[in-house]
Amino acid sequence: MTVPFKVDLTNKVAVVTGGGGVLGSYFAKALAECGAKVAILDLNQEPADKIAAEINEAGGKAIGVAANVLDREALEKAREIVEKELGTCDILLNGAGGNNPRGTTDDEFYNAEEVKNNPDLKTFFDLDPKGVSFVFDLNFLGTLLPSQVFAKGMTEKEGCSIINVSSMNAYTPLTKIPAYSGAKSAISNFTQWLATYFAKAGIRVNAIAPGFLVTKQNEKLLFNDDGTPTARTGKILGSTPMDRFGEPEELVGGVLFLADQKAASFITGVVLPIDGGFSAYSGV
Ligand code: NAD
C-alpha cells in the first residue's frame with residue numbers, strides 16, 4: 001500500500017491491536033511505511049505473523065504477537081515481547097473490536113403482529129445478556145486494558161499517543177445493534193476521558209469514527225448474491241452525502257495525522273469522523 005502522505009515515525013514503536021484484521025492491517029502497514037516499528041497484536045498468532053511478514057517483505061520492521069485484549073496477563077506478556085524486540089510503545093492503536101450476532105436483533109422496529117406470525121424472530125426481548133456483555137467487553141474493555149498496559153511506558157516518554165476506533169453508531173445508534181452502538185459510544189466517551197486524564201502526562205488520546213465500508217463481514221448484508229445492492233445499502237448511501245462507501249485506505253490519512261506529533265501536537269480528545277458526511281447529514 002502507498003500512504004496518502006508521509007509523516008516521520010522513525011524510531012517510533014507502534015502497537016496495533018486487531019492488527020491482523022481488515023482495517024488494523026491497513027493501519028499497521030501505513031504506520032510501518034512512515035518508519036514506525038510495528039507490533040501486530042491479535043488474538044491469533046497466524047494473522048498477526050502474516051501481516052508482519054508482509055510489512056517486513058516491503059522493507060519495514062514488524063513482529064506478530066498473539067494476545068487477547070481482554071486478558072491483562074497476556075497483554076503484559078505481549079508488552080514484554082514488544083519491548084524486547086522493538087522498544088517501548090509510542091503509539092497504541094486500539095483496533096480490536098467488532099459486533100456479534102448475539103447482541104443483535106432481527107427486527108428494526110418492534111411489531112407485535114410480526115412477532116405473532118414469526119415466533120423465531122429475535123427481538124429486543126430475546127437479546128442474550130452474555131452476547132451483549134461480549135460486545136461491550138471486546139470493544140470497551142478491549143480498548144481500556146491495552147491502554148493500561150501500553151500507556152504506562154508512555155508516561156516516561158515524549159510525543160506518545162493512543163488512537164481508538166469508534167464508529168458512526170456512537171453518534172446515533174443503528175437499528176438492530178444496540179450492544180455494538182452502546183459499546184462504540186463508550187469508546188468515544190472514554191477517548192475524551194483518557195485524553196483529559198493523560199493531558200498533563202503528555203499522551204494524546206484520539207479516535208477515528210469510520211463510516212460505512214464494504215468488508216467481508218458485512219458484504220452479505222450490503223449486496224445480494226447477484227451483486228445488486230440490498231435495501232440496507234440503499235439506506236446507507238441515502239444517508240451518506242458523498243453517495244458511496246468508503247475504502248479502508250481512506251481511513252489511513254486520519255490515523256497518520258492523529259499519530260503525528262508535529263501535525264496533531266495540540267489535538268487530544270477528538271473523535272474524527274471519516275464518513276463521507278454521514279454524521280453531518282440529518283437526512284433532510
Ligand atoms: P476485523 O474483524 O477484520 O478485525 C478485528 C481483528 O481483531 C481481527 O483480526 C481479530 O482476530 C482481532 N480480535 C478480535 N477479538 C480480539 C481479542 N479479544 N483480542 C485481540 N484481538 C482480537 O474487523 P475490522 O473491520 O478490521 O474492524 C476493526 C475495528 O474497526 C473494530 O473496532 C471495528 O469495530 C471498527 N469499525 C469497523 C468498521 C467496518 O466497516 N469494518 C466500521 C467502523 C468501525
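When a residue number appears, it is its place in the shown sequence, counting from 1. Start at 1 and go down the list; that is how both ligands and their atoms are numbered.
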Problem - Any donor-acceptor N/O pair, K37 side chain to A32 backbone, under 3.5 Å - result: no
Element-labelled atoms of ligand 1 that are located less than 4.0 Å from some non-hydrogen atom of [X]:
| X | answer |
| --- | --- |
| G18 | 6 (C), 7 (O), 12 (C) |
| T215 | 41 (N) |
| N68 | 17 (C), 18 (N), 19 (N) |
| L138 | 15 (N), 16 (C), 18 (N) |
| G95 | 28 (C), 29 (C), 31 (C), 32 (O) |

Looking only at non-hydrogen atoms, which of [options] approaches [atom] most closely?
| atom | options | answer |
| --- | --- | --- |
| atom 42 (C) of ligand 1 | A209, G20, G246, G211 | G211 |
| atom 40 (O) of ligand 1 | L70, L75, L213, N99 | L213 |
| atom 17 (C) of ligand 1 | I208, L145, V69, T17 | V69 |
| atom 5 (C) of ligand 1 | G97, G142, G98, P210 | G97 |

Among all protein heavy atoms, pick out the one at the shortest distance from [atom]; state its residue, atom name and that distance to 0.1 Å.
| atom | result |
| --- | --- |
| atom 4 (O) of ligand 1 | G21 CA, 3.3 Å |
| atom 26 (O) of ligand 1 | L23 N, 2.7 Å |
| atom 35 (C) of ligand 1 | V165 CG1, 3.5 Å |
| atom 3 (O) of ligand 1 | V22 N, 2.9 Å |
| atom 21 (N) of ligand 1 | L43 N, 3.2 Å |
| atom 2 (O) of ligand 1 | Q217 NE2, 2.8 Å |
| atom 11 (O) of ligand 1 | D42 OD1, 2.5 Å |

Under 4.0 Å from ligand 1, counting heavy atoms only, is it the side chain of [X], its backbone, both or neither?
| X | answer |
| --- | --- |
| Y180 | side chain |
| A67 | backbone |
| S166 | backbone |

Problem - Where R204 and D260 come nearest, the two heavy atoms and their spacing - result: NH2-O, 3.7 Å
Completion exercise
For L127 and G103 the tightest heavy-atom approach is CD2-C, 3.7 Å
Looking just at side-chain N and O atoms, do [X] and [Y] make a donor-acceptor pair shorter than 3.5 Å?
| X | Y | result |
| --- | --- | --- |
| K61 | N56 | no |
| N206 | T268 | no |
| N224 | T228 | yes |
| T17 | D42 | no |

Problem - Centroid separation Y110 to F124 less than 6.0 Å - result: no
Practice task
Could you tell me the separation between the CD1 atom of I274 and the CD1 atom of I208, rounded to the nearest 0.5 Å?
Solution key: 4.5 Å
Handout entry: Pair E250 + R244: basic N to acidic O under 4.0 Å
Key = yes
Practice task
State whether E46 and K50 are salt-bridged, where the test is any N-O pair (Lys NZ or Arg NE/NH1/NH2 against Asp/Glu carboxylate O) under 4.0 Å.
Solution key: no
Exercise for the section: Examine K184 against ligand 1 and note whether any of their N/O atoms are separated by less than 3.5 Å. Expected result: yes
Problem - Test of proximity, L41 against ligand 1: N or O pairs below 3.5 Å - result: no
Handout entry: Geometric cation-pi criterion, R79 with F150: 6.0 Å, 45°
Key = no
Exercise for the section: Following the transitive rule for hydrophobic clusters with a side-chain heavy-atom cut-off under 4.5 Å over Ile, Leu, Val, Met, Phe, Trp and Tyr, establish whether F257 and Y26 coincide in one cluster. Expected result: yes
